[in-house]
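Quantities reported herein were computed from a predicted structural model and do not represent experimental measurements. Chain letters run A, B, ... following the sequence lines, proteins first, then strands; residues in each count from 1.
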2 protein chains.
Amino acid sequence: MVTIRDIAEQAGVSVSTASRALNDNPRISAVTRRKIKSLADRLGYVPNFNAKSLTRGESNVVGVIFPPEKASEQANPFFIDAMRGINQVLTERKYVLSVAIGETTQTILDNVIAMVDQAKVKRFILLYSHENDPIANYLRTAGLRFVVIGEPDAQYQDDYVNNDNVAAGEMGTDYLLSQLNVKRPVFVGSEEDWQYERDRRAGFGKATTAHQVVGQYLPIPAVEQPTKDVRVWIHEHPQIDGIVASDDLLGLAFFQQWQLIYPGKKLPIVSYNRSFKLPLPDLQFHSITLFPAKLGAAATELVFKKADENGGRHTVVPFKML
Amino acid sequence: MVTIRDIAEQAGVSVSTASRALNDNPRISAVTRRKIKSLADRLGYVPNFNAKSLTRGESNVVGVIFPPEKASEQANPFFIDAMRGINQVLTERKYVLSVAIGETTQTILDNVIAMVDQAKVKRFILLYSHENDPIANYLRTAGLRFVVIGEPDAQYQDDYVNNDNVAAGEMGTDYLLSQLNVKRPVFVGSEEDWQYERDRRAGFGKATTAHQVVGQYLPIPAVEQPTKDVRVWIHEHPQIDGIVASDDLLGLAFFQQWQLIYPGKKLPIVSYNRSFKLPLPDLQFHSITLFPAKLGAAATELVFKKADENGGRHTVVPFKML
DNA sequence: CTGTTAGCGCATTCAC
DNA sequence: GTGAATGCGCTAACAG
């Protein structure tokens, strides 16, 4: 293994000079810097992260925090794609991605604390946000740098990245109304009514108003086992001729029920996927992708920016109809 | 921050004694060990991983390697659940989970090499296996400890964990035939024909033979856009009265097509999910879970066992019909 | 069973 | 602009 010492000797300079040169310290002349750097990669030098972290008191690691869950509730590749985007940026910066994941908030919190105390991790990306989340609270009070992906807790000024979900809702609905000639749309959401759903629904409202049509709203209780209520609702609303679903799975769940009641009837659907492929019936589905990988990449860029006095910095990632 | 030095001083012993006691070195008397340990956590001592890794030449990290993919092709929470299982074991052992993920094999390989060279990671879990995978090759030749989740490359003796897919295939099929009174089953697989699919299909074959019924086999090209072929096949096989699908998504894809051709007709389905929930129509779906979290946990246990001379050690994780 | 000593590889004071 | 010296926190010879 070639150390900084080796390259110092071969270059005929001291270790400290080598160190400075490799770290782009301005006190080193451009000439020697170049010389040392080229020598370094000629020798195949790679810095030892552990030594570096030990002296710097901070490791080359960004912690990625998953939401607490016993098992995956949804078939949701959002996180994987986000990790891909995150890691792409991290690799450029010679950083490594570590994850904190577990069944309960407490488990994850312990995990995060271990990263901070033992591994000296100072930067985190939160893949979710809950109101009054103990983990976010910990990060805040510990003065650690972190970025939220999604809608952040409104009572704090955390940095975050997300999509403009109002615009996405409006755009999808508009497509349905103006291109697919829908007159009686329904917005299908989950019963959780997450912030992003509310936003998309707000966009839905704007579009329906603009087109002067009446929009319905239906929250679906459990995706995997829609209740009778949904069927009753469908029976009572035979005039529905298009769906905007806050999520692909919800759209599919609704459509399954609809199909049973009105077999063969067409029903165009716009939904917001998190970029995955499902075996969807024919071409009735129109998905809007929110580019999870881009969200991840943007969050990572942001987490490397120094914390701002005011906080609450925000990157908006575009969406696109597929 | 309290260091090992602090606890050594307060305990009135040398630093090395403290270090040994904390690391359960047998050369330390039980008395002083206990004394030092209790003092340590009374003072809230946490070891500095970076210092530890620097001296040991190995870091407290297990690298988890994802398959190369541009974007998630499937709505597959398998990986997330596996990570949960992995991290649970890692946390107990005071280890941290780092991931290597990217679009191409080369990117990921670079990622892995960086982990090895810069961060001194020595243990890995491969979340997939391809024949002649450059990453597995690298790990092998570099003499690193790794465990494969799934069916390993047959030409090597790598350690691995997986399910008994033949038994799972047989059990699911048997359920269909004996409990649901199916007489003309079809096995639906992907066109890739992965090893785990072949195994489940072999189990399907065993069960159909045992029940003296004729089993069909249909590979489906692309889940998200089944071709005409599938419809033609369905038209030509009206007698089919039950499905075993190698995967939930495939089952759903087939069923969507079937439904269009024979609306209202019942068609019981047994499929192997990787434990996620989809909006499935009614109760016709019978899922067999393969416990991805258990696979992850078992792989992690195995990766901490010293490499065996012969290699090829193997943990079998049970499955269960939900 | 325990203490002394010497690094691990690197960054960073402080000198020059 | 560069070098010498010191130490980050911990483990591991080598002694006793």
Side-chain angles (χ1 to χ4, degrees), chain A residues 1-37 39-40 43-61 94-96 114-122, chain B residues 1-37 39-40 43-61 94-96 114-122:
Chain A
M1 198 189 72
V2 32
T3 74
I4 200 172
R5 195 182 208 101
D6 300 323
I7 91 148
E9 280 173 7
Q10 300 222 19
V13 297
S14 74
V15 191
S16 49
T17 302
S19 172
R20 289 189 185 107
L22 293 170
N23 290 293
D24 293 316
N25 187 313
R27 287 169 29 183
I28 298 297
S29 72
V31 201
T32 55
R33 186 186 321 172
R34 238 194 313 277
K35 180 177 132 194
I36 289 179
K37 280 196 169 181
L39 178 63
L43 296 183
Y45 166 76
V46 291
N48 182 321
F49 278 8
N50 297 310
K52 225 169 165 143
S53 303
L54 181 57
T55 57
R56 289 196 319 146
E58 168 173 358
S59 62
N60 288 240
V61 171
K94 306 272 184 205
Y95 263 67
V96 163
M115 283 188 183
V116 174
D117 288 348
Q118 323 214 17
K120 312 299 173 194
V121 178
K122 306 274 193 215
Chain B
M1 199 190 70
V2 32
T3 74
I4 200 172
R5 195 182 207 103
D6 299 325
I7 90 147
E9 279 173 9
Q10 300 221 18
V13 297
S14 74
V15 191
S16 51
T17 303
S19 171
R20 290 189 185 105
L22 293 170
N23 289 294
D24 292 316
N25 187 312
R27 288 170 27 184
I28 298 296
S29 73
V31 202
T32 54
R33 187 184 322 171
R34 237 194 313 280
K35 179 177 132 197
I36 289 178
K37 280 196 169 181
L39 178 62
L43 296 183
Y45 167 75
V46 291
N48 181 322
F49 278 8
N50 298 309
K52 222 168 168 145
S53 304
L54 180 57
T55 57
R56 289 195 321 147
E58 169 174 355
S59 61
N60 288 238
V61 170
K94 307 271 183 204
Y95 263 66
V96 163
M115 283 188 182
V116 174
D117 289 348
Q118 323 214 16
K120 311 301 173 194
V121 178
K122 306 274 193 217

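If you check every strand for non-hydrogen atoms under 4.0 Å, Ser29(A) touches sugar and phosphate atoms only. Among the protein residues, Tyr45(B) comes within range of the sugar-phosphate backbone only, with heavy atoms under 4.0 Å from sugar or phosphate atoms but none that close to a base. Nucleic acid contact class of Asn23(B) (heavy atoms, under 4.0 Å, all strands): sugar-phosphate only. Residue Ser53(A) is out of contact with every strand shown, counting any heavy-atom pair closer than 4.0 Å. Within 4.0 Å of Thr3(A), counting heavy atoms only, lie sugar-phosphate atoms of the nucleic acid but no base atom. If you check every strand for non-hydrogen atoms under 4.0 Å, Val15(A) touches nothing.
Toward the 5' end of DNA chain D, the nearer of the two residues Asn50(B) and Arg20(B), judged by each one's closest nucleotide, is Asn50(B).
Dashed line: the shortest gap from a side-chain N or O of Thr17(B) to OP1 or OP2 of dT2(C) is not under 4.0 Å. When the side-chain nitrogen and oxygen atoms of Ser16(A) are compared with OP1 and OP2 of dA5(D), none of them lie within a distance under 4.0 Å. For the OP1/OP2 pair of dG9(D) and a distance below 4.0 Å, the side-chain nitrogens and oxygens of Lys52(B) include no atom meeting the criterion. At least one side-chain nitrogen or oxygen of Ser19(A) sits closer than 4.0 Å to the OP1 or OP2 atom of dA11(C).
Checking side-chain atoms of Asn23(A) against main-chain N and O of Asn25(A) turns up no donor-acceptor pair under 3.5 Å.
In this structure, of dT11(D), dG9(D), dG3(D), it is dG3(D) that holds the atom nearest to the side chain of Val13(A). Comparing atom distances between the Thr55(B) side chain and each of dT11(D), dG9(C), dT2(C) picks out dT11(D) as nearest. In this structure, the nucleotide among dA4(D), dT11(D), dA11(C) sitting nearest to the side chain of Ile4(A) is dA11(C). Of the candidate nucleotides dA4(D), dG9(D), dC10(C), dA4(D) has the atom lying nearest to any side-chain atom of Ser14(A). Among the nucleotides dT4(C), dA15(D), dG9(D), the one closest to the side chain of Arg27(B) is dA15(D).
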